[in-house]
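Just so you know, these numbers use all the heavy atoms, side chains as well, and skip hydrogens, waters and symmetry mates. Here is the naming used below: chain letters follow the sequence lines, and residue numbers restart at 1 for every chain.
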There are 2 protein chains.
Amino acid sequence: MAGTRLDPIDRKILAELQADGRMTNVELAKRVGISAPPCLRRVRTLEEAGYIKGYHADVDARELGFEVQVFAMVGLQSQAEADLSAFEEQCRNWPLVRECHMLNGEVDFVLKCVAPDLSSFQSFLTSELLTTDNVGSVKTSLVIRGAKDEPGVPFDVLEERLSQSD
Amino acid sequence: MAGTRLDPIDRKILAELQADGRMTNVELAKRVGISAPPCLRRVRTLEEAGYIKGYHADVDARELGFEVQVFAMVGLQSQAEADLSAFEEQCRNWPLVRECHMLNGEVDFVLKCVAPDLSSFQSFLTSELLTTDNVGSVKTSLVIRGAKDEPGVPFDVLEERLSQSD
DNA sequence: AGTGAAAGTACAGCTGA
DNA sequence: TCAGCTGTACTTTCACT
């Protein structure tokens, strides 16, 4: 099972840094119950092993003038691998598209988009997304309000599972 | 317009910290072109003003044993405000639900969920989500693969808009 | 600029295969 | 015995006034 290579201290480090990524190393060390140098070594190891992919400030999109958030469900005409990849590459080049996930089921992709206002999203939709080769159907849904937006994974669920598999 | 109270240096700070939230203050100061002390003051101000809501390590869910990511589209039977709020509160209490957004259109909510494997998601779906009061329809879509997953907002779009509104 | 704290390094001791 | 991890001591760099 994945995650087995990590001991409880490593998992605690990840949980703490997920909750506060700018915590100092000494504070982190205190919380996980070891001294600072080995704690720092563990963090570096976790970074190099890819368990930590990066650190990001969580900025307030609305305050910065991105008032609109939209989910777009996209269906393609051809689902050949080359066409799927081409669409994914296109998404990476659209700054308003923040996330793009390929799905099973009726729809091929879900896109999470941000935009300064409705009209700028509409112009993205009509003159970019809908005019892209191979794009069949697009259904968009405005986010009325956000109810929950937690980053990463629930470490308490992970600990629960690991303690059961003893 | 929102974002106007920030000068170009503030926006640069936000962009840099969004890209690397664990950067030291001196490195940040160097990149935005001012000396360290005023840079730190700006960061504190941005934090207190809510432009920066937090800092998070971006952990690899798969490596940690969360192999499955699912989008769930949820329709409620009653859309009265009290019922909407009750469902949102329920979502906050489900650790597998990482995001919950209220949408316009046919569907009331989109949920982004993670789970260790398909069977644990199924048991969440059937014994938690589907048995919740007032939940009408639920359509789930497995994420086959992720194509893009960028945090936050596109600062280049913001700069473009601001330079046009001169 | 200056002080106090944290990051990072070197080395020695402990622990378990 | 040896590998791996830990903690102490020390230097450099950073945070903060």
Quickly work out the [X] [atom1] to [N] [atom2] distance and round it to whole Å.
{"X": "R22(A)", "N": "dA6(C)", "atom1": "CZ", "atom2": "P", "result": "15 Å"}
{"X": "K30(A)", "N": "dA7(C)", "atom1": "NZ", "atom2": "C1'", "result": "16 Å"}
{"X": "R44(A)", "N": "dC5(D)", "atom1": "CZ", "atom2": "C1'", "result": "18 Å"}
{"X": "E27(A)", "N": "dA15(D)", "atom1": "CD", "atom2": "P", "result": "16 Å"}
{"X": "L40(B)", "N": "dG4(C)", "atom1": "CG", "atom2": "P", "result": "18 Å"}
{"X": "M23(A)", "N": "dA6(C)", "atom1": "CE", "atom2": "C1'", "result": "15 Å"}
{"X": "D10(A)", "N": "dG4(D)", "atom1": "CG", "atom2": "C1'", "result": "13 Å"}

List the steps, then state whether side-chain hydrogen bond (donor to acceptor under 3.5 Å, both in side chains) holds for S85(A) with E81(A).
CA-CA 6 Å; S85(A) 303; E81(A) 175 54 35; 2.8 Å; yes
Please find out if less than 6.0 Å separates the ring center of H101(A) from that of F71(B).
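Yes: the rings meet the under 6.0 Å criterion.
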I'd like to know whether the aromatic ring centres of F87(A) and F109(A) sit less than 6.0 Å apart in this structure.
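Distance test on ring centres: under 6.0 Å, yes.
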Can you tell me if N134(A) uses its side chain to pair, donor with acceptor, with the backbone of S78(A) under 3.5 Å?
yes
Would you indicate which nucleotide in dA6(C), dC14(D), dG7(D) comes nearest to any side-chain atom of V26(B)?
dC14(D)
Among dA15(D), dA7(C), dA1(C), the nucleotide that comes nearest once only the side chain of P37(B) is considered
dA1(C)
So, OP1 or OP2 of dC14(D): does either fall under 4.0 Å of a side-chain N or O from N25(B)?
no
For dG8(C) and R41(A) - does any side-chain N or O of the residue sit under 4.0 Å from the phosphate oxygens OP1/OP2?
no
Using a 4.0 Å heavy-atom cut-off across all strands, classify R42(A) as base, sugar-phosphate, or nothing.
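Since only primed, P, OP1 and OP2 atoms lie under 4.0 Å of R42(A), the category is sugar-phosphate.
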